[in-house]
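A short worksheet on the structure shown next.
Sequence lines set the chain letters: A, B, ... in the order given, protein chains first and strands last, and positions in each chain run from 1.
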Amino acid sequence: MNEDANEADQITGANILINSLVAEDVKFLFGYPGGAVLHIYDALFQQNKVQHILVRHEQGATHAADGYARATGKPGVALVTSGPGATNAITGIATAYMDSIPMIVITGQVSSALIGNDAFQEVDSIGISRPCVKHNFLVKDVNELATTIKKAFYIATTGRPGPVIIDIPKDITAHKAVFEYPETIQMRSYKPVLNGHMGQIRRAAELILSAKRPVIYTGGGVIMANASKELIEFTRLLGFPITQTLMGLGSYPANDPLFIGMLGMHGAYETNTAMHQADVLIAIGARFDDRVTGDLEQFCPNTKIIHIDIDPASISKTVTVDIPIVGTVDRVLTALINIIKETDKKPDANALAAWWQQIKTWKQEKKSLAYNRNSDRIKPQFVIEKLSELTKGEIFVTSDVGQHQMFVAQFYQFLQPRRWINSGGLGTMGFGLPAAMGVQLAYPDDTVVCVTGEASIQMCIQELSTCKQFDLPIKIINLNNGYMGMVRQWQEMFYENRCSHSYVDSLPDFMRLAESYGHVGMKVEKPSDVEAALKEALAIKDKLVFMDIIIDPTENVYPMVAAGKSHNEMVLRPEGELA
Amino acid sequence: MRHTISLLLENESGALSRVAGLFSARGYNIESLTVAATEDPTVSRMTLVTRGSDHIIEQITKQLNKLVDVIKLIDLTEGVHIERELMLVKINVPTSNQREEVKRLVDIFRGKIIDVNHNYTVELTGTSKKLNAFIKALENMKILEVVRSGILGIGRGDINLHL
Ligand SMILES: Cc1ncc(C[n+]2csc(CCOP(=O)(O)OP(=O)(O)O)c2C)c(N)n1
Ligand SMILES: [Mg+2]
């Protein structure tokens, strides 16, 4: 930038920041003020292009930005102050990092001259965040600010997406420079691969067409790449069974006959068994996470594996694959579809029919997702099933972490991508409500439901206040079992029922708590009231409704592949429980 | 197996800690690491010596490549290459016998004595093996200090790592 430029053409770093956000088409800035960012807040006060959403805790800001990004595909942006503001944001940054979510977090920093002095509210934000960001920048000169922001957005949103932090010392936000926002950016050290290797793609097509017991296994990468359309075409062209990870749900419609459900720790019996017996596995935008694979030694023991992923480092990280293809999922799938359409070779119809028959038999024999429908306690599965029915799989559902999260994954039929918003990789309790705020702001006219538990919701409950301030009519479904249910389940199964500190005592009256924040509270205690209550809550379009649903405290998630066990060692629901 | 990996990275303040952080976070070991700017002051060159199975080395090179600051990388061990290390050794030499002995060894190893008083400081370059052999040869002497640079590597002939 021109140093001799006319003083009058120069604006402050704070204004450069805001102008850059406008240039990036940022609509919402989720933030919380403090000393190091006061210049920025002053500049925010004097503009109306970017809407600032004042959260009640910086963790909420990062989760809200994250939820916005997951639902829209655009990067979410958060602004926090130095020191405690930055450390509070770390959980949300790590959450986004583990699930490859594009996010920009602007952290204030003490003035340049004070850095390293243990100044008031100084923390090494760059150092603390390094292991859980895609990249981070400390801005040292106001003349570099705009270019740095451009780079940050470029890095966050391309390749395998992820959070990027921009740490801005306070003095930089006061210094002046001419604002010029680069249109494009080139970085010699960062050039993501887009197109898959054609030789590898041809080899993959050949293997795919020779498969007798194939399974398509897809993850969050399909959603990140907006490749749902290609995935649907690819799957239907072949007629292969398709399973998805917790992060992949929605990118293939759950009501389609080719969909065989979620796999992994709480995947259906027939799904995990199909994985175990597959001869060809087509992994697409998935990363062979331990919650998916179980025991690596016994994972897909006699299977040839094709792996399509944008990140070379994801390939053969935990499971060695036979045909790796690095590229964006949409481009690689399009290339595969074209090759398969052009060749004369067809999938082996007889083998495929037998394979489908086998999968159906497993499903009917085990009915591994069945639960007791005659209980006089409310079953969480029933609530989610009803929700799915009433909303036709069309709403946005966020969740926290625990049994309730797994029940949504198992029982809500997602028909579209970007509708199921949950923390898969980091498993962050407290994610659900703030994430729902980001989603609701992006889609003000859509229904956004947050399914949570009485333990998780208390980790970011303060955001009920934000929801009031910004009129966010989120529907909170609190599946209240009075336990950290998922923890209790492990303690029952692996610690001889010693439920060490997993009860949630001294709970607030959630209905009145919600009301005190200015929302609508509801309490539901009988199975026969569930449907009407859900209808009533969903019909309230202009208010947040907190539904405290008292569920069976003993209910567990089945089936289960215990940590470190193999897909063929699933624990099924004890028969007695089904009566 | 032992691998020598050479990297070109942006000469920026955080770059070194990103590489070091990657190794500690993922539990890879580093035997030595050297880094300095190249003829282009915006680019640093790093030589990194690590150990691991083929699987681990593959992950290390992929993870390094994934770092935004890393421009290019080569696993020198995959081709013919040269490795050199620089060592400075300060030896206590109170008797003339010992001084003679050190001079003789320095000759044999083609080193240089670069500081002389009641101690000798020897400068020696070569492969790590050669440097180890020199230390071994000094077995009966009183070594006061050993300073080693860590390994520098370069490919032979047309095996180049440049922008
Ligand atoms: C921040 C955080 N702390 C601890 C955990 C470990 N953890 C996983 S599930 C769970 C219990 C969640 O309880 P609740 O929200 O009531 O859900 P439930 O399992 O009962 O449906 C805990 C403590 C976590 N995932 N995140
Ligand atoms: Mg609970």
Side-chain angles (χ1 to χ4, degrees), chain A residues 94 97 100 112 115-116 124-141 144 148 151-156 158-167 185-193 287-288 296 307 309-321 324 326, chain B residues 1 3 5-28 30 33 35 37-46 48 50 52-75 78 160-163:
Chain A
Y97 180 68
S100 309
S112 307
I115 290 182
D124 175 10
S125 301
I126 294 292
I128 284 185
S129 65
R130 192 185 307 112
C132 57
V133 293
K134 184 168 174 187
H135 198 63
N136 54 22
F137 294 97
L138 172 65
V139 181
K140 292 182 174 154
D141 179 345
E144 288 165 9
T148 303
K151 280 187 189 166
F153 275 86
Y154 174 59
I155 292 169
T158 53
R160 178 176 180 173
V164 177
I165 288 192
I166 312 173
D167 198 29
I185 200 102
Q186 287 280 337
M187 293 176 68
R188 63 183 172 187
S189 63
Y190 176 73
K191 295 197 169 77
V193 178
R287 61 185 180 92
F288 299 87
L296 285 172
H307 188 187
D309 206 285
I310 185 78
D311 179 9
S314 271
I315 288 177
S316 294
K317 181 171 69 181
T318 56
V319 172
T320 309
V321 302
V326 177
Chain B
M1 214 183 77
H3 282 248
I5 298 170
S6 254
L7 302 93
L8 293 178
L9 58 167
E10 295 291 348
N11 188 4
E12 274 170 20
S13 56
L16 174 61
S17 54
R18 284 182 219 283
V19 173
L22 171 71
F23 274 72
S24 62
R26 295 191 183 264
Y28 306 141
I30 302 185
L33 184 156
V35 61
T38 62
E39 78 283 10
D40 173 349
T42 68
V43 179
S44 297
R45 171 131 175 178
M46 178 184 283
L48 212 157
T50 180
S53 63
D54 288 354
H55 173 76
I56 295 206
I57 298 295
E58 185 183 330
Q59 264 302 305
I60 289 176
T61 55
K62 284 173 167 178
Q63 293 291 351
L64 284 169
N65 256 320
K66 194 170 152 180
L67 293 176
V68 169
D69 285 334
V70 171
I71 306 169
K72 261 190 185 169
L73 160 171
I74 183 173
D75 183 351
E78 286 175 357
N160 299 322
L161 178 66
H162 54 69
L163 289 187

OG (B:Ser13) and CG (A:Leu138) are apart, to the nearest 0.5 Å, by 6.5 Å
B:Asn160 atom CG: more than 12 heavy-atom contacts under 6.0 Å: yes
Okay, B:Val68 and chain A: the region with an atom under 4.5 Å from a heavy atom over there is both
Bottom line for B:Ile56: the part with an atom under 4.5 Å from chain A's heavy atoms is neither
In terms of heavy-atom contacts, B:Lys66 and A:Ala313 come closest through CD-CB, 4.0 Å
The interface call for A:Asp311 against chain B, heavy-atom contacts under 4.5 Å, is side chain
Rounded to the nearest 0.5 angstrom, the CZ-CG distance for B:Arg18 and A:Asn136 is 4.5 Å
Okay, A:Arg130 and chain B: the region with an atom under 4.5 Å from a heavy atom over there is side chain
**Q.** Side-chain heavy-atom pair B:Glu58, A:Thr320 within 4.5 angstrom cut-off
**A.** no
Applying a strict 4.5 Å limit to non-hydrogen atoms, the region of A:Ile315 in contact with chain B is both
Distance col, row A:Met187:CE vs B:Asp69:CG, nearest 0.5 angstrom, shows 7.5 Å
So, the part of B:Glu12 with a heavy atom under 4.5 Å from chain A: the answer is neither
If we only count heavy atoms from C-beta on, is the A:Arg188 to B:Leu8 side-chain gap below 4.5 Å?
no
If one checks every heavy atom of A:Ile155 against chain B at 4.5 Å, the contacting part turns out to be side chain
So, the part of A:Lys140 with a heavy atom under 4.5 Å from chain B: the answer is side chain
